[in-house]
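One structure below.
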Protein chains: 2
Amino acid sequence: MAQAQTLSRNQQIVLDIIEKSKGPLKAYSILFNVQKKGINAPQQIYRALDKLIEMGKIHKIESKNAFVACRSSDCEISKATAFSICESCEMVDEISDAKLSKYLSSFNHRKGMKFKRFNLEFFGLCKKCK
Amino acid sequence: MAQAQTLSRNQQIVLDIIEKSKGPLKAYSILFNVQKKGINAPQQIYRALDKLIEMGKIHKIESKNAFVACRSSDCEISKATAFSICESCEMVDEISDAKLSKYLSSFNHRKGMKFKRFNLEFFGLCKKCK
DNA sequence: TAACATCTGTTATAATATAACATTTTAACC
DNA sequence: GGTTAAAATGTTATATTATAACAGATGTTA
Ligand SMILES: [Zn+2]
Ligand SMILES: [Zn+2]
Ligand SMILES: [Zn+2]
Ligand SMILES: [Zn+2]
């Protein structure tokens, strides 16, 4: 079981904002939102983001350079992540599908590489936008 | 069948460099490499990259902000891409696996989203680095 | 030769991310 | 408590990645 992580002040502030957000947030938009709390520099945001990712509390959506809170427990501390992304409205949804995760986790490339981690991003139009 | 695409001068220059490279290339490293050919500005690189991606000649490795030539014909003009990425040496290899591609192309999310495209990135250590 | 789309060149700037260093807080140990 | 080491913080500066905006050239197509 994942042990209860105790977050530092800045980590908690950043996580709170990401968790409250309906969609993915960019680092600088997080920064602008926390300046009232005394966080003034990108470094402070990026350091918190890095730790939160390590802990599996958030994920980075690589194709958008944006961050979402983890809503799943299948993703094993960010070792196996999958998202569906609407190309129209920016919506991102974490896919939590045990079969998919198992299928990909056991996938092995011919060329002798043993995978430790994967990230999968699906793109399309969400219900609302289609 | 993909029709023979005719490339513009800048597109051809950029594609040549990417195809000759053993690993993924970053936009600004491409830029520095083509300044002798009279290309001086990032815009010129990014415009060529955009078109080459549209044509399916190259892919962007999102987790690295870098570009590789397409070595596959399964990826259907960038609608279904998968890569294995070595976390140690930067090596990137395009995965061309019909079963994987079919499995993911037919994957449908519960929440009513119909996918048009996916990108999958596996991470690990390559043969040499492990 | 129009008309239109595409590509080019250029300058400027926006957006994303890290380096480096000094200091403070926290947690663990004696 | 006092000592230490690790983690987190604050700060300034800078590096890296990407786009905006505009003018001109080239190239189809009718
Ligand atoms: Zn998750
Ligand atoms: Zn949508
Ligand atoms: Zn390809
Ligand atoms: Zn390697």
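Note on naming: letters A, B, ... go to the chains in the order of the sequence lines (proteins, then strands), and numbering restarts at 1 for each one.
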**OP:** Take the protein atom CD of B:Glu62 and the nucleotide atom C1' of C:dT16, then report the distance between them rounded to whole Å.
**Re:** 14 Å

Original post:
When the nearest nucleotide of DNA chain C is assigned to B:Tyr28 and to B:Asn65 on a heavy-atom basis, which residue is associated with the more 5' position?
Top reply: B:Tyr28

Subject >> A:Gln44 and A:Asn40: side chain donor to acceptor below 3.5 Å >> reply: no

Original post:
A:Arg117 versus B:Glu121: any side-chain heavy-atom pair under 4.5 Å?
Top reply: no

Original post:
Do A:Leu7 and A:Met55 have side chains that get closer than 4.5 Å, going by heavy atoms?
Top reply: yes

Original post:
Is the distance from OP1 or OP2 of C:dA17 to the nearest side-chain N or O of B:Lys26 less than 4.0 Å?
Top reply: no

**OP:** Can you pull out how bent the helix from C:dT1-D:dA30 to C:dC30-D:dG1 is, comparing the axes over its first five and last five pairs, to 10°?
**Re:** 40°

**OP:** Compare side-chain N and O positions of B:Asn10 against OP1 and OP2 of C:dG9 and report whether any pair is under 4.0 Å apart.
**Re:** yes

Original post:
Does A:Glu54 use its side chain to pair, donor to acceptor, with the backbone of A:Lys51 at less than 3.5 Å?
Top reply: no

Original post:
Side chains of B:Gln12 and B:Asp16: closer than 4.5 Å at any heavy-atom pair?
Top reply: yes

**OP:** Report yes if some heavy atom in the side chain of B:Ile85 is under 4.5 Å from a heavy atom in the side chain of B:Asp93; otherwise report no.
**Re:** no

**OP:** Round to the nearest Å and state the distance from A:Arg9 atom CZ to C:dT24 atom C1'.
**Re:** 13 Å

Subject >> Derivation of the salt bridge (Lys or Arg N to Asp or Glu O under 4.0 Å) call for B:Lys57 and B:Glu19 >> reply: CA-CA 9 Å; B:Lys57 302 276 191 193; B:Glu19 280 183 337; over 6 Å; no

**OP:** Enumerate the residues from residues 34-53 of chain A whose closest heavy atom to DNA chain D is under 4.0 Å, giving them by residue number; use none for an empty result.
**Re:** A:Asn40, A:Ala41, A:Gln43, A:Gln44, A:Arg47, A:Lys51

Original post:
Rounded to whole angstrom units, what separation is found between the CD1 atom of A:Ile30 and the P atom of C:dT16?
Top reply: 11 Å

**OP:** Answer with base, sugar-phosphate or nothing: what part of the nucleic acid does A:Lys60 contact at a heavy-atom distance below 4.0 Å?
**Re:** sugar-phosphate

**OP:** Mark yes or no for whether A:Glu87, through its side chain, and A:Leu125, through its backbone, hold a donor-acceptor pair below 3.5 Å.
**Re:** no

Original post:
When you list every nucleotide of DNA chain D with an atom under 4.0 Å from a heavy atom of chain B, which one comes first 5' to 3', and which comes last?
Top reply: D:dT17 to D:dA21

Subject >> Spacing of B:Asn10 atom CG and B:Leu49 atom CG [to the nearest 0.5 Å] >> reply: 11.0 Å

**OP:** For residues B:Phe107 and A:Phe122, establish whether the separation of their ring centroids is below 6.0 Å.
**Re:** yes

Original post:
Short question: side chain of A:Ser106, backbone of A:Tyr103 - any donor-acceptor pair under 3.5 Å?
Top reply: yes

